[in-house]
Amino acid sequence: MFHLLEKRIQQAVSDHIKVRYDSSAQVALEQPKQSDFGELALPIAFQLARQLKKSPKAIAEELAGEIGAIEGVASLHAAGNGYLNVRLDRSIYAHGILNSVQSAADVTAGKTIVEHTNINPNKAAHIGHLRNAILGDTFVRMLRIAGNQVEVQNYIDNTGVQVADVVVGFHYLEKKSPNEVQALIDAGKFDYFCWDLYASMSSYYKENPDSLAWRSETLHAIEAGTGVQAELAHLVADAVVQAHIATMLRLNVVYDVLPRESEILHLQFWATAFEQLKERKAIYFETEGKNKGCWVMPGSAFSDFKEDEDSKVIVRSNGIVTYVGKDIAYQLWKFGLLGKDFYYQRFPHPGGYELWVTTDQPGKQADEPSPAFGNGSRVYNVIDSRQSYLQDVVVAGLKALGYEKQAAASVHFSYEMVALTPGTCIELGIALSEEDKRRAYVEVSGRKGLGVKADDLIDTLIAKAAEEVESRHPEAEAAVNKRVADEIAIGALRFFMLKFTRNSVIAFDLREALSFEGETGPYVQYAAVRAENIWRKLAERGQRMPDFVNELDAAAMGRQLADEGCWQLLLQASHTDVSIARAIASGEPAHVAKYAFQLAQAFNTFYHEYPVLAEENQEKKVFLLWMTQYFRQQLERTLGVLGIAVPEYM
RNA sequence: GGGCGCGUAGCUCAGGUGGAUAGAGCAUCAGCCUUCUAAGCUGAGGGUCGCAGGUUCGAGUCCUGCCGCGCCCA
């Protein structure tokens, strides 16, 4: 409803200034700083002032007098030193909401691909990975609720150095056969076992530099897909991916397809991309200097500033393709530009939902056709900002191949890292130097095995929530209390990861994350639960639910919304879609989290200000019940976008 | 050395395309539970928006130069 009015006002003003002043200036709308200025403000007079050589104030007054009636607008008036303020017709507005009048959403044509999570399948997920997955998943939810077709990909680098290192650990150090590794997998917590093994490998390499030969030997075996190392790599990667998917499912994060690096190699995706790159002269063979014998992309391709920018090596002199090279091939496939596709099969996992994984064999494809993957018209890569250089090279690759449109539709959805506060490090038993203790935050390293594992954090949050729920509802069923505690813990975690804008480093503080008060997920959940409680109490008292559409006519709405407090609250509650649209445009899920918090604040104000069930005036009571229902609906929708559930009680 | 990002209240952070008196949460202090559950609400104190210039009728927001911090590349 709000967006519809925005568009209508924009159109009316735009038409008017075109005829009246022959101006095609963009008509901007903003929210006034103070609510008594009205619901919308147009700074258009400031824009016109220069062209017309008149004071903004005079223009605003002229406009206010001359623009005729606009449906749904009560009045236009000049204010301040040149604002044109708009007051909406409250009863028309409320009636529009009640009857679900909406404007058509601005949907992007074609399919949007969002790649996120993308964790190396060699150890347990940590908090940094959580930020990635939660950001990506929330962005997907935002796009979907706005009507976009979205495909979620989780890329699995199952042939890289990180997996190789764990395989080296199993094969050379622990001397374990595939059967023995399988037994470890069956024993559970395999991702945790690998976490420690991987950390110990880093220190082993350091003390025994000769052992690095094991790594390159293993890497070659894995890439070729032969021998016991390849078998181990396959076992390790699949088991760890299953663990990651189980962890993410706890957070309500799911995927459509898992493209794997092994298939990029085996199905010759890279070879095809390599041919394209050579053919279109996007890369060249270096014959001198430090990169002699390598295929490189000239620095000028991905840097606008310096001609002498260092070239980027795509294929090393030993013939091994770099990570960026494979990424260019993958990006081409995402846009349907490679002229090749994977084969697919279902990926067995504990979550139970439909999930596909790439394979290099046609196999059962004919029996059970998969959905069509790839071929997107817009691609978001959720990858942390440390990799922005590499992401720039990938986009430069598309450009150099002549795919300008796709290069422009490739978005590096970047975010800053999650670090730990010194206090939290000490609490977790991580030793710090005196220098680190004085920092605001300390970067953690998966290589050294330092950091907070995702499942540990979730467990801690659930335990804390369970304690709170138990103390408030000792009489409730244990299973339900458990479910409620899970939902609160996940709400707290998802909200915490979303409340910061993407390029702010999160200094993770355990105490802060464990807080369920103030600007947190549980605060918003609590507001929704309170709204639900009013309904429950109504039913318990044997009172009927009103039929709002028939009992609240425009006149009644007008009478009730004369109350300024109610009007402001209704207005706030009606901004959900506008806030989501804005968050999509800016690529900032934090805006939705902020809105959710403000919406919950508004509801809590309403809750304290207007005792709904005790209201004696019948019309007002029906109206307040409607407000309650509307708040509840908008809170649930907004939380849904954030991937947060509304518990049955709190 | 080059690139990217950050610097706003004691702490952690918001501040669409420049616009009206710079906002939250936490922490601190003072209040509110016989009420639709206090995971809540009301109020108070707390700011040279890193510094210096510039553009503009108007700059936390745009430009330039410094300073400090982080990350990436070499």
Side-chain angles (χ1 to χ4, degrees), chain A residues 26 28-34 37 41 43 45-47 49-50 55-56 79-83 85 290 299 302-306 308-310 312 384-393 412 414-417 419 421 439-441 443 465 468-469 471-473 488 491-492 496 499-509 511-512 515-527 529-538 540-541 578-579 581-583 585-586 588 590-591 593-595 597-598 600-601 603-615 624-625 628 647 649-650:
Chain A
Q26 185 79 30
L29 286 166
E30 49 189 58
Q31 279 193 43
K33 294 258 164 166
Q34 284 177 53
F37 290 151
F46 295 109
Q47 288 166 262
R50 200 160 307 165
S55 82
N81 40 10
Y83 275 100
N85 288 347
K290 62 181 174 171
F302 50 90
S303 173
D304 301 334
F305 307 100
K306 295 255 180 197
D308 58 346
E309 178 79 22
D310 276 343
K312 179 68 197 167
D384 81 73
S385 63
R386 285 174 284 197
Q387 304 209 41
S388 60
Y389 171 69
L390 297 179
Q391 285 290 303
D392 286 348
V393 176
H412 176 200
S414 74
Y415 62 93
E416 272 289 349
M417 63 173 170
T421 59
R439 290 179 199 271
Y441 54 82
E443 189 181 358
E468 298 274 345
V469 174
S471 75
R472 279 157 222 248
H473 303 279
I488 292 170
F496 183 82
K499 70 195 256 191
F500 305 94
T501 50
R502 288 189 285 131
N503 51 11
S504 130
V505 176
I506 295 183
F508 183 84
D509 186 77
R511 246 189 48 239
E512 199 190 330
S515 160
F516 296 159
E517 286 163 22
E519 195 173 344
T520 65
Y523 175 92
V524 185
Q525 290 174 308
Y526 189 56
V529 167
R530 283 178 138 185
E532 190 60 38
N533 282 349
I534 295 176
W535 282 102
R536 210 195 53 230
K537 269 280 170 16
L538 186 77
E540 275 175 19
R541 294 181 186 183
V578 174
S579 116
R582 201 171 290 167
S586 61
E588 206 56 92
H591 292 163
K594 183 63 88 181
Y595 170 75
F597 175 63
Q598 286 166 347
Q601 272 185 320
F603 179 75
N604 279 328
T605 303
F606 172 80
Y607 186 88
H608 282 271
E609 205 86 5
Y610 306 92
V612 180
L613 297 180
E615 180 56 50
L624 292 177
L625 279 168
T628 305
Y649 54 81
M650 278 180 78

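All values reported here derive from a predicted model rather than from experimental measurement. Here is the naming used below: chain letters follow the sequence lines, and residue numbers restart at 1 for every chain.
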**Student:** Which distance, rounded to the nearest 0.5 Å, do you find between the CD1 of A:Ile488 and the CE of A:Met650?
**Tutor:** 4.0 Å

**Student:** What's the closest nucleotide to the side chain of A:Glu30 if the choices are B:A38, B:U17, B:U42?
**Tutor:**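 My answer, after comparing the listed nucleotides, is B:U17.
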
**Student:** Calculate the interatomic distance between A:Tyr649 atom OH and B:G40 atom C1'; express it in whole Å.
**Tutor:** 19 Å

**Student:** Between A:Arg439 and B:G70, is there a contact of a side-chain N or O with OP1 or OP2 at under 4.0 Å?
**Tutor:**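 Checking B:G70 against A:Arg439, a side-chain N or O does come within under 4.0 Å of OP1 or OP2.
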
**Student:** First locate atom CG of A:Leu624, then atom CD of A:Glu615, and finally report the distance between them rounded to the nearest 0.5 Å.
**Tutor:** 6.0 Å

**Student:** On RNA chain B, compare the nucleotides closest to A:Ser388 and A:Ala440; which residue's is nearer the 5' end?
**Tutor:** A:Ser388

**Student:** Just N and O in the side chain of A:Arg530: are any of them under 4.0 Å from OP1 or OP2 of B:A38?
**Tutor:**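 The answer is yes; a side-chain N or O of A:Arg530 sits under 4.0 Å from OP1 or OP2.
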
**Student:** Identify whether any heavy atom of A:Ala41 sits under 4.0 Å from a base atom; if not, whether one sits that close to sugar-phosphate; answer base, sugar-phosphate or nothing.
**Tutor:**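 If one applies the 4.0 Å heavy-atom cut-off, A:Ala41 turns out to touch a base.
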
**Student:** If we take the P atom in both B:A22 and B:G40, what is their distance in whole Å?
**Tutor:**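 So the two P atoms sit 28 Å from each other.
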
**Student:** Counting only side-chain nitrogens and oxygens, does A:Ser504 get under 4.0 Å of the OP1 or OP2 atom of B:A14?
**Tutor:**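 Indeed, a polar side-chain atom of A:Ser504 lies that close.
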
**Student:** Remember a base hit wins even if backbone is also touched, and classify A:Pro43 as base, sugar-phosphate or nothing at under 4.0 Å, heavy atoms.
**Tutor:**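 Result for A:Pro43 = nothing.
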
**Student:** Send over the distance from A:Met650 CE to B:A38 C1', rounded to a whole Å.
**Tutor:**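 Those two atoms, CE and C1', are 13 Å apart.
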
**Student:** Within this structure, what is the CD-CZ distance for the pair A:Glu532 and A:Arg536, rounded to the nearest 0.5 Å?
**Tutor:** 8.5 Å

**Student:** Using atom C1' in both nucleotides, what's the gap between B:C62 and B:U55 to the nearest angstrom?
**Tutor:** 8 Å

**Student:** Scan A:Arg582 against the nucleic acid and name what it touches under 4.0 Å (heavy atoms): base, sugar-phosphate only, or nothing.
**Tutor:**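 Contact class for A:Arg582: base.
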
**Student:** Given B:A14, B:G40, B:A39, which nucleotide is nearest the side-chain atoms of A:Tyr523?
**Tutor:**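 Closest nucleotide among those given: B:G40.
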
**Student:** Pick one for B:G31: is it syn, with its angle within 90° of 0, or anti?
**Tutor:** anti

**Student:** Would you measure the distance from the C1' atom in B:G47 across to the matching atom in B:U8 and give it in whole Å?
**Tutor:** 8 Å

**Student:** At 4.0 Å (heavy atoms only), tell me whether A:Asn533 reaches a base, stays on the sugar-phosphate, or touches nothing.
**Tutor:** base

**Student:** Measure the NZ-CG distance between A:Lys312 and A:Asp392 for me, rounded to the nearest 0.5 Å.
**Tutor:** 11.5 Å

**Student:** Classify the nucleic acid contact of A:Ile488 as base, sugar-phosphate or nothing, counting any heavy atom under 4.0 Å across all strands shown.
**Tutor:**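 The answer is base, as A:Ile488 lies within the cut-off (heavy atoms under 4.0 Å) of a base atom.
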
**Student:** For B:C4, give the paired nucleotide (Watson-Crick: N1-N3 plus N6-O4 or O6-N4; G-U: N1-O2 and O6-N3; both under 3.5 Å), or none.
**Tutor:**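 Here B:C4 is engaged in a pair, and the nucleotide opposite it is B:G70.
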
**Student:** Nearest whole Å is fine: how far is B:C4 C1' from A:Met417 CE?
**Tutor:** 13 Å

**Student:** Contact class for A:Gln525 vs. all strands (heavy atom < 4.0 Å): base, sugar-phosphate, or nothing?
**Tutor:**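 No contact.
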
**Student:** Under 4.0 angstrom, heavy atoms only, what part of the nucleic acid is A:Glu443 near: base, sugar-phosphate, or nothing?
**Tutor:**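 Sugar-phosphate contact only - A:Glu443 comes under 4.0 Å of backbone atoms but never of a base.
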
**Student:** Quick check on B:C72: is either OP1 or OP2 less than 4.0 Å from any side-chain nitrogen or oxygen of A:Tyr389?
**Tutor:** no

**Student:** Pair A:Asn604, A:Tyr523 - check side chain to side chain donor-acceptor pair (under 3.5 Å), show working.
**Tutor:** CA-CA 10 Å; A:Asn604 279 328; A:Tyr523 175 92; 3.1 Å; yes

**Student:** Is the phosphate of B:U37 approached by A:Lys537 (side-chain N or O, under 4.0 Å from OP1 or OP2)?
**Tutor:**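 It does, given that an N or O in the side chain of A:Lys537 lies less than 4.0 Å from OP1 or OP2 of B:U37.
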
**Student:** Taking B:U37 as the reference, what is the distance to B:G70 when you measure between their C1' atoms (whole Å, please)?
**Tutor:** 45 Å

**Student:** With a 4.0 Å cutoff (strictly under), does any side-chain N or O of A:Tyr595 reach OP1 or OP2 of B:G15?
**Tutor:** no

**Student:** Stacking here means centres under 5.5 Å and planes under 30°; does A:Phe37 stack on B:A20?
**Tutor:**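 Yes; centroid distance and tilt both under limits.
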
**Student:** Quick one: label A:Val505 by what it contacts on the DNA or RNA (base, sugar-phosphate, nothing), any heavy atom closer than 4.0 Å.
**Tutor:** sugar-phosphate

**Student:** Decide yes or no for A:Tyr595 and A:Val578: does some side-chain heavy atom of the first lie under 4.5 Å from some side-chain heavy atom of the second?
**Tutor:** no

**Student:** Would you measure the distance from the P atom in B:G60 across to the matching atom in B:C49 and give it in whole Å?
**Tutor:**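 Comparing P positions in B:G60 and B:C49 gives a spacing of 8 Å.
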
**Student:** Would you confirm whether the ring centroid of A:Tyr415 sits within less than 6.0 angstrom of the ring centroid of A:Phe500?
**Tutor:**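 Between A:Tyr415 and A:Phe500, which both carry aromatic rings, the centre distance is not below 6.0 Å.
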
**Student:** Between B:G23 and B:G16, how far apart are the two C1' atoms, rounded to whole Å?
**Tutor:**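 It comes out at 16 Å once rounded to the nearest Å.
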
**Student:** Under 4.0 Å, heavy atoms only, any strand: does A:Phe46 hit a base, just the sugar-phosphate, or nothing?
**Tutor:** base

**Student:** Taking the side chain of A:Asn503 as its heavy atoms from C-beta onward, which of B:G5, B:C71, B:A14 lies nearest to it?
**Tutor:**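 Of the candidates, B:G5 comes closest.
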
**Student:** What's the gap between B:A59 and B:G18 when it is taken at their C1' atoms, as a whole Å value?
**Tutor:** 6 Å

**Student:** Mind checking A:His412 for me? I need base, sugar-phosphate or nothing, with any heavy atom below 4.0 Å counting as a touch.
**Tutor:** nothing

**Student:** Measure the distance from CD on A:Glu468 to P on B:G40 and round it to the nearest whole Å.
**Tutor:**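 Those two atoms, CD and P, are 10 Å apart.
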
**Student:** Which part of the nucleic acid, if any, lies within reach of A:Tyr607 when heavy atoms closer than 4.0 Å are counted: base, sugar-phosphate only, or nothing?
**Tutor:** base

**Student:** Both distances below 3.5 Å, Watson-Crick or wobble geometry, any strand: find the nucleotide opposite B:U64.
**Tutor:**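 WC or wobble partner is B:A52.
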
**Student:** Have a look at A:Arg511 and say if it touches a base, only the backbone sugar-phosphate, or nothing, with a 4.0 Å heavy-atom cut-off.
**Tutor:** nothing

**Student:** Is there a side-chain polar atom (N or O) of A:Gln31 under 4.0 Å from OP1 or OP2 of B:G16?
**Tutor:**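 It does not, given that no N or O in the side chain of A:Gln31 lies less than 4.0 Å from OP1 or OP2 of B:G16.
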
**Student:** State, with a plain yes or no, whether a side-chain heavy atom of A:Glu588 is found less than 4.5 Å away from one of A:Arg502.
**Tutor:**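 Side-chain contact under 4.5 Å: yes.
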
**Student:** Does B:C11 adopt a syn or an anti glycosidic conformation, taking syn as a chi angle within 90° of 0?
**Tutor:**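 Classified anti.
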
**Student:** Give A:Tyr610 one of three labels, base, sugar-phosphate or nothing, depending on what nucleic acid heavy atoms sit under 4.0 Å from its own.
**Tutor:**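 Since a base atom lies under 4.0 Å of A:Tyr610, the category is base.
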
**Student:** For B:C41, does OP1 or OP2 lie under 4.0 Å from any side-chain N or O of A:Asn604?
**Tutor:**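 It does, given that an N or O in the side chain of A:Asn604 lies less than 4.0 Å from OP1 or OP2 of B:C41.
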
**Student:** Between B:C11 and B:G46, how far apart are the two C1' atoms, rounded to whole Å?
**Tutor:**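 Looking at atom C1' only, B:C11 and B:G46 are 12 Å apart.
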
**Student:** For A:Phe606 and A:Glu588, find the nucleotide of RNA chain B closest to each by heavy atoms; which residue's nucleotide sits nearer the 5' end?
**Tutor:** A:Glu588

**Student:** Have a look at A:Leu29 and say if it touches a base, only the backbone sugar-phosphate, or nothing, with a 4.0 Å heavy-atom cut-off.
**Tutor:**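 Base contact - A:Leu29 has a heavy atom under 4.0 Å of at least one base atom.
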
**Student:** According to the interplanar angle, ranging from 0 to 90°, do the rings of A:His473 and A:Tyr649 count as parallel (below 30°), tilted (30 to 60°) or perpendicular (above 60°)?
**Tutor:** tilted

**Student:** Out of B:A39, B:G70, B:U37, which has the shortest distance to the side chain of A:His473?
**Tutor:**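 Nucleotide nearest to A:His473's side chain: B:U37.
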
**Student:** Rounded off to whole Å, could you give me the CG-to-C1' distance for the A:Leu390 and B:C72 pair?
**Tutor:**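 Rounded to the whole Å, the gap is 9 Å.
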
**Student:** Which nucleotide in the list B:U17, B:A39, B:G5 gets nearest to the side chain of A:Ala28?
**Tutor:** B:U17

**Student:** Looking at A:Asn503, is its backbone amide N or carbonyl O close enough to the side chain of A:Thr501 to form a donor-acceptor pair, meaning the two atoms are under 3.5 Å apart?
**Tutor:**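 Checked: no pair found.
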
**Student:** On the side chain of A:Asn85, is there an atom forming a donor-acceptor pair with the base of B:A20 - under 3.5 Å, no angle test?
**Tutor:** yes

**Student:** Compare the minimum distances between each of B:G25, B:U37, B:A74 and the side chain of A:Lys290, then state the nucleotide with the smallest one.
**Tutor:**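 The answer is B:A74.
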
